[in-house]
There are 2 protein chains.
Amino acid sequence: MTTVLIADDQPLQRFGFRMLLESQDDMTVLGEAPGGSDAVRMTAELHPDVVLMDIRMPGLDGIEATRRIVAQGHRTRVLILTTFDLDEYAYAGLRAGASGFLVKDALPEELLSGIRSVASGDAVVAPGLTRRLLDAYVQLLPSETPHTSHTPPEPDPRLATLTDREREILTVIGQGWTNAEISARLHVAESTVKTHVTRILAKTGSRDRIQAVILAYDTKLVRPA
Amino acid sequence: MTTVLIADDQPLQRFGFRMLLESQDDMTVLGEAPGGSDAVRMTAELHPDVVLMDIRMPGLDGIEATRRIVAQGHRTRVLILTTFDLDEYAYAGLRAGASGFLVKDALPEELLSGIRSVASGDAVVAPGLTRRLLDAYVQLLPSETPHTSHTPPEPDPRLATLTDREREILTVIGQGWTNAEISARLHVAESTVKTHVTRILAKTGSRDRIQAVILAYDTKLVRPA
DNA sequence: GCCACCGTAGTACCGCGGTACTACACCCCT
DNA sequence: AGGGGTGTAGTACCGCGGTACTACGGTGGC
């Protein structure tokens with residue numbers, strides 16, 4: 001028995017899917033999620049085999065919801081459905097960890113067999129997208145990037161809005177110092193360091209100090225030993 | 001009308017394929033090639049829409065035959081068929097320019113729809129292979145470092161004791177991925193990722209993943225953007 | 001046939017990192 | 001004089017990261 005969660009913001013669409021799936025005697029619809037965050041929460045509770053995920057949803061979109069569901073680490077597979085066969089969505093969804101990608105104008109049998117494939121651990125890609133996926137894959141294989149451009153030390157725009165103090169903090173972050181170490185060696189309170197760090201992350205668009213370390217290297221604020 | 005050339009060294013196999021295809025009123029078998037060089041020559045003469053290509057053939061094998069057929073620059077698409085679902089063959093064939101890859105134990109309908117898809121410009125991949133293909137594809141995306149290059153990666157002594165898998169994990173750590181992301185995109189449990197990370201830190205003498213990121217840069221496992 | 005290693009996976013626990021919010025002194029600018 | 005940016009600092013909270021341990025199937029070496 002394959003258990004399915006339907007994530008779509010359109011009630012009519014959900015109804016259609018539910019009718020189709022319930023007509024199969026090897027499938028059960030565990031529930032319907034009208035939004036991305038609902039999908040994430042319900043997946044954590046119900047552990048469906050497959051989540052039928054629409055991409056366009058209010059709040060958390062299907063891509064991010066997929067990422068979080070996959071990150072839950074359970075066996076739940078995500079099958080992404082969308083109205084259009086836009087590549088960016090497909091690739092973003094697959095990068096997010098989805099097990100498949102189908103367009104909504106697929107035949108009912110195609111959807112059903114797609115769900116069964118995904119549930120059994122296989123992956124499915126809409127026929128019209130497989131070629132582009134392969135092309136992209138093949139192009140990735142022999143990629144040679146010699147880029148030997150020597151750029152003189154000019155201020156990277158990503159660091160433009162940082163204050164001197166923040167740039168100083170970022171430098172020692174890039175050298176791997178913990179907040180406690182920065183606090184001790186720069187003679188300020190750790191809470192102060194945290195304030196600086198948070199502002200640096202916000203200004204540079206980094207989600208955590210790891211990204212900041214990478215940024216420090218990429219901008220040559222710090223250099224490899 | 002879809003025209004097909006059958007390239008297979010086994011007469012019985014060719015017969016089976018011919019019977020199946022001729023039973024369809026939208027398909028015609030233009031000819032049968034018992035070897036790779038025959039397939040190349042006959043394709044140049046007959047210009048079929050699709051070549052059904054066996055991989056294992058005497059003389060020129062299916063991979064090389066595919067490469068030469070694609071190099072002819074015509075509309076002919078190559079659909080590779082093999083008995084086994086060996087990855088090397090699949091990837092080699094796709095790299096050679098094939099439009100699809102199916103295993104011989106596929107259902108007749110799957111083969112027929114595969115031929116039609118390929119003839120119409122789409123690509124097909126055997127269901128059981130799609131997942132591996134996606135995995136390989138997704139794993140390629142973040143790693144802009146083609147260590148498949150001619151220069152063998154000079155082994156930094158600090159990385160000497162790492163296994164291949166650990167070096168792989170360290171690479172994506174160096175690119176800033178969280179454990180959850182590594183888990184999702186490499187399709188292993190987060191607990192597995194944690195085990196790997198802990199071993200990497202222990203082996204490299206890093207106290208946390210920040211130090212590992214720095215090490216990855218210093219050893220040129222990853223390079224600044 | 002056995003053993004070591006590897007990759008996988010799980011659980012339990014704790015601490016650092018990051019957020020959100022507030023606060024205040026200082027400096028510079030208008 | 002007022003206001004905005006900066007550097008400092010605090011509290012409370014939560015989640016990710018890391019550790020310690022166990023476990024098991026596969027593989028390769030001896």
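All chains are named by letter (A, B, ...) in the order of the sequence lines, taking the proteins before the strands, and each is independently numbered beginning at 1.
- Trp177(A) has its CH2 atom 17 Å from the P atom of dG18(C), to the nearest Å.
- The distance between atom CZ of Arg209(A) and atom C1' of dC16(C), rounded to the nearest whole Å, is 9 Å.
- Arg199(A) and Glu166(A) are not joined by a salt bridge, as no carboxylate oxygen comes within less than 4.0 angstrom of a charged side-chain nitrogen.
- Taking CG of Leu186(A) as the reference point, atom CD1 of Ile169(A) lies at 5.5 Å (rounded to 0.5 Å).
- Between the P atom of dC26(C) and the CG atom of Asp164(A) lies a distance of 21 Å, rounded to the nearest Å.
- Contact check, Arg207(B) against dG18(D): no side-chain N or O comes under 4.0 Å of OP1 or OP2.
- Annotation: proximity of residues 182-199 of chain A to DNA chain D (heavy atom, distance under 4.0 Å) is found for Val188(A), Ala189(A), Ser191(A), Thr192(A), Thr195(A), His196(A), Arg199(A), numbered in ascending order.
- The backbone N or O of Gln211(B) lies less than 3.5 Å from a partner atom in the side chain of Asp208(B), making a donor-acceptor pair.
- For Arg165(A), a side-chain nitrogen or oxygen approaches OP1 or OP2 of dT8(D) to under 4.0 Å.
- Atom CG of Asp208(B) is separated from atom P of dG18(D) by 6 Å (rounded to the nearest Å).
- Here dT6(D) presents its P atom at 7 Å from CD of Glu166(A), a figure rounded to the nearest Å.
- Here dT8(C) presents its C1' atom at 14 Å from CD of Glu168(B), a figure rounded to the nearest Å.
- Ion pairing between a basic and an acidic side chain is recognised when a charged N comes within 4.0 Å of a carboxylate O; Arg207(B) and Glu181(A) show such pairing.
- One interatomic measurement links the two molecules: CD1 of Ile210(B) to P of dG18(C), which rounds to 7 Å at whole-angstrom precision.
- Counting only N and O atoms by type, the side chains of Asp26(A) and Thr2(A) include no donor and acceptor under 3.5 Å apart.
- Taking only side-chain nitrogens and oxygens, Asn179(A) never comes nearer than 4.0 Å to OP1 or OP2 of dC16(C).
- Here the side chain of Ser206(A) pairs no donor or acceptor atom with the backbone of Ala202(A) at under 3.5 angstrom.
- Closest of all the heavy-atom pairs between Thr171(A) and Val222(A) is O-CG1, 3.6 Å.
- Between the C1' atom of dG18(D) and the CD1 atom of Ile173(B) lies a distance of 11 Å, rounded to the nearest Å.
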